[in-house]
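Structure first, commentary second.
Computed over heavy atoms, backbone and side chain alike; hydrogens, waters and symmetry mates excluded. Convention: sequence-line order gives letters A, B, ...; per-chain numbering from 1. Only a predicted model underlies this, so the values are computations on that prediction, with no experimental measurement involved.
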Protein chains: 2
Amino acid sequence: MPYTVKSRKAPTVQTSAPRSPLSRARVIAEALTLADQAGLDGLSMRALAERLGVVPMALYKHVSNKEELLDTLVDAVIAEVAPGTVDGGWKAQAREQLLAARRTMLRHPWAWRAIETREAPSPAALDHMEVMIATLRTGGLSAPLVHHVMHALGSRLWGFSQEVFATGPQPTDPGIAAQAMEMMAARWPRVLESAMSTLHQQGSAVGPGCDDETEYLFAIDLILDGAERLHDAGWSPAARSDGAPLVTLQ
Amino acid sequence: MPYTVKSRKAPTVQTSAPRSPLSRARVIAEALTLADQAGLDGLSMRALAERLGVVPMALYKHVSNKEELLDTLVDAVIAEVAPGTVDGGWKAQAREQLLAARRTMLRHPWAWRAIETREAPSPAALDHMEVMIATLRTGGLSAPLVHHVMHALGSRLWGFSQEVFATGPQPTDPGIAAQAMEMMAARWPRVLESAMSTLHQQGSAVGPGCDDETEYLFAIDLILDGAERLHDAGWSPAARSDGAPLVTLQ
DNA sequence: ACCTGAACACCGTTCAAGT
DNA sequence: ACCTGAACACCGTTCAAGT
């Protein structure tokens with residue numbers, strides 16, 4: 001028995017399989033499920049070691065440090081993205097690829113924070129970009145236009161739109177909600193109007209009737225549609241002399 | 001002398017003014033300059049306390065905890081955004097407001113990471129949104145359209161576009177760069193082509209000739225232009241029954 | 001009443017000592 | 001040769017003791 005559990009807490013139930021020797025693959029796999037269960041903050045080297053029934057230092061045999069572990073996890077998550085093939089031209093295909101990334105990210109809600117802090121694209125990330133760029137080029141868009149559109153897509157490439165603010169729990173007491181609404185109506189009337197503007201007709205409750213997914217799709221479509229329009233109009237990269245808009249055609 | 005410096009390190013030169021009593025304003029101000037100098041990771045309660053010549057616990061008199069301190073710092077930074085008034089209609093005005101946010105964010109490079117982790121918009125954030133929404137509504141855009149466009153803008157509202165990957169230092173050795181390029185050309189040819197596509201003509205070096213600012217401007221313009229086009233075509237929010245695109249007009 | 005030293009419960013990582 | 005206990009240099013925060 002190469003490893004012994006050394007923990008002050010009562011030893012928990014053994015993890016499924018009989019104790020196999022620690023390996024890089026086992027470290028990565030356990031880190032992934034730990035992150036899925038406990039979030040990125042719950043993923044500490046010490047917690048991970050304990051789950052593997054190992055002293056923290058043992059991890060450093062298989063992973064050079066925590067940053068490298070995160071690099072590997074991000075690569076693994078992006079590699080999960082599995083877009084289908086759809087009819088409807090390059091825009092529909094690009095849309096499917098973006099939605100496939102979103103499906104993956106919904107399975108690993110912690111991943112966006114890890115992705116954001118990476119310093120270089122992993123192989124799986126480059127693969128994903130390669131497919132996306134190829135799709136846009138297939139539509140006939142020029143390389144510079146594609147380059148800009150990729151930047152405009154930003155984090156949506158990886159399946160998440162950088163939410164303006166993490167939407168916390170809303171007040172359930174209608175009295176409090178009404179009071180908050182009055183305050184907002186007085187000081188930020190436009191914000192309130194905008195937030196309320198997509199309420200579903202049949203909805204009785206307060207709160208936006210517009211889910212994250214609708215916003216995600218709208219942003220994708222706005223950008224892809226804008227790209228198509230520029231391409232159709234024969235857009236090419238302009239020398240940036242003044243502060244003139246970059247996409248408006250004169 | 002109400003506070004005494006208690007530090008194992010040799011006491012450093014006194015900060016400018018003679019020791020004034022600790023106050024919330026002084027804590028906030030010092031936290032801001034510490035973040036500007038040392039980044040978000042350098043901003044710890046302990047480091048902040050030492051700069052103020054105070055024991056860490058003294059901070060908790062003026063700030064309830066670190067999260068509340070970060071809330072306050074984010075509010076202060078967003079409050080710095082000072083857009084000018086420009087001619088050229090609502091799109092030009094919106095553009096100026098976005099660029100003003102960007103100017104502020106370039107002064108406080110740590111801020112984006114703090115903003116991203118906030119759970120609710122601060123008063124200054126709501127003020128900024130209010131002004132932005134009002135500008136878009138002035139252009140005649142409907143409330144639901146504005147709502148979607150705000151989401152499409154995402155983090156650009158706060159002056160940063162979620163960069164795909166933090167661009168680390170590039171290899172300076174031309175041999176290494178060439179070798180890396182060959183590898184990329186073999187495995188990710190489209191990515192390489194896209195990255196190279198905006199190279200300036202006169203540039204002899206490798207690396208994109210396209211700065212962050214150009215990408216930022218392009219994304220803004222793509223989104224604002226798309227919004228104007230939808231508005232001109234009489235766009236209104238569609239019932240989302242199937243998976244059809246949300247912005248394409250039939 | 002006000003302030004603070006020591007402590008608690010954590011981090012990631014190093015390194016010498018043990019088997 | 002392999003593994004690990006103890007330690008280092010940090011965190012944010014609590015709390016009882018000191019003035």
Side-chain angles (χ1 to χ4, degrees), chain A residues 1-12 19-24 26-28 30-32 34-35 37-74 110 113-114 117-119, chain B residues 1-12 19-24 26-28 30-32 34-35 37-74 110 113-114 117-119:
Chain A
M1 199 192 287
Y3 302 101
T4 51
V5 178
K6 201 68 194 287
S7 162
R8 226 165 291 162
K9 300 175 187 173
T12 51
R19 174 64 35 75
S20 59
L22 201 54
S23 69
R24 183 172 165 88
R26 231 158 69 80
V27 170
I28 306 298
E30 194 68 37
L32 241 164
L34 175 54
Q37 286 173 17
L40 204 57
D41 292 331
L43 175 61
S44 72
M45 297 299 273
R46 294 169 118 103
L48 177 56
E50 196 181 343
R51 279 177 72 108
L52 289 162
V54 153
V55 93
M57 253 317 285
L59 300 175
Y60 289 81
K61 280 263 149 52
H62 305 96
V63 151
S64 57
N65 53 37
K66 193 180 182 182
E67 281 301 291
E68 197 247 318
L69 173 61
L70 287 176
D71 287 343
T72 309
L73 290 183
V74 162
W110 52 271
R113 272 222 282 153
T117 51
R118 291 315 89 200
E119 295 211 331
Chain B
M1 200 195 284
Y3 301 101
T4 52
V5 177
K6 200 66 193 289
S7 164
R8 227 164 289 163
K9 300 174 190 174
T12 51
R19 176 62 38 73
S20 59
L22 200 54
S23 70
R24 181 172 167 90
R26 232 159 68 79
V27 170
I28 306 296
E30 194 67 38
L32 241 164
L34 175 55
Q37 286 173 19
L40 204 56
D41 291 331
L43 175 62
S44 71
M45 297 299 274
R46 292 169 118 103
L48 177 57
E50 196 181 343
R51 280 177 73 108
L52 289 162
V54 154
V55 93
M57 252 316 285
L59 300 176
Y60 289 81
K61 279 264 150 50
H62 305 96
V63 151
S64 56
N65 53 38
K66 194 180 182 181
E67 280 300 291
E68 197 247 319
L69 173 62
L70 288 175
D71 287 343
T72 309
L73 290 184
V74 163
W110 52 271
R113 272 222 282 153
T117 51
R118 291 315 88 201
E119 296 211 330

### Query
Which value, in whole Å, describes the distance between the P atoms of nucleotides dA7(C) and dA7(D)?
15 Å
### Query
About how many Å separate NE2 of H62(A) and CG of L69(A), when rounded to the nearest 0.5 Å?
12.5 Å
### Query
How many angstroms lie between atom CD of E30(A) and atom CG of L59(A), to the nearest 0.5 angstrom?
10.5 Å
Give me the distances for all protein-to-nucleotides 11-14 of chain D N/O pairs that come in under 3.5 Å?
| unit_1 | atom_1 | unit_2 | atom_2 | d |
| --- | --- | --- | --- | --- |
| dC11(D) | OP1 | S44(B) | OG | 3.1 |
| dG12(D) | OP1 | M45(B) | N | 3.2 |
| dG12(D) | OP1 | K66(B) | NZ | 2.9 |
| dG12(D) | OP2 | M45(B) | N | 3.1 |
| dG12(D) | N7 | R46(B) | NH1 | 2.4 |
| dG12(D) | O6 | R46(B) | NH1 | 3.0 |
| dT13(D) | OP2 | Y60(B) | OH | 2.7 |
| dT13(D) | OP2 | K66(B) | N | 3.1 |
| dT13(D) | O5' | Y60(B) | OH | 3.4 |

### Task
Please state the P separation for the pair dA9(C) and dA9(D) - nearest whole angstrom.
23 Å
### Task
Please report the shortest heavy-atom distance between N65(A) and V63(A), naming the atom on each side.
O-CG1, 3.1 Å
### Query
Tell me: CG of L52(A) to P of dT4(D), nearest whole Å?
12 Å
### Task
Would you please enumerate the stems DNA chain D participates in, each stem being three or more consecutive Watson-Crick or G-U wobble pairs with both distances under 3.5 Å?
C:4-8 with D:12-16, C:12-16 with D:4-8
### Query
Taking side chain as C-beta onward, heavy atoms only, is R24(B) less than 4.5 Å from K61(B)?
no
### Residues in side chain to side chain donor-acceptor pair (under 3.5 Å) contact with S64(B), at least two apart in sequence or another chain
E68(B)
### Message
Can you check the distance between dC11(C) and dC8(D), where both ends of the measurement are the C1' atom (answer in whole Å)?
### Response
12 Å
Donor-acceptor list for residues 40-49 of chain B side chains, cut-off 3.5 Å, not counting sequence neighbours:
| unit_1 | atom_1 | unit_2 | atom_2 | d |
| --- | --- | --- | --- | --- |
| D41(B) | OD1 | R113(B) | NH2 | 3.1 |
| D41(B) | OD2 | R113(B) | NH2 | 3.2 |
| S44(B) | OG | A47(B) | N | 3.0 |

### Query
With sequence neighbours left out, what residues match A38(A) under side-chain contact (heavy atoms from CB on, under 4.5 Å)?
L34(A)
### Query
What distance separates T72(A) OG1 from E67(A) CD, expressed to the nearest 0.5 Å?
10.5 Å
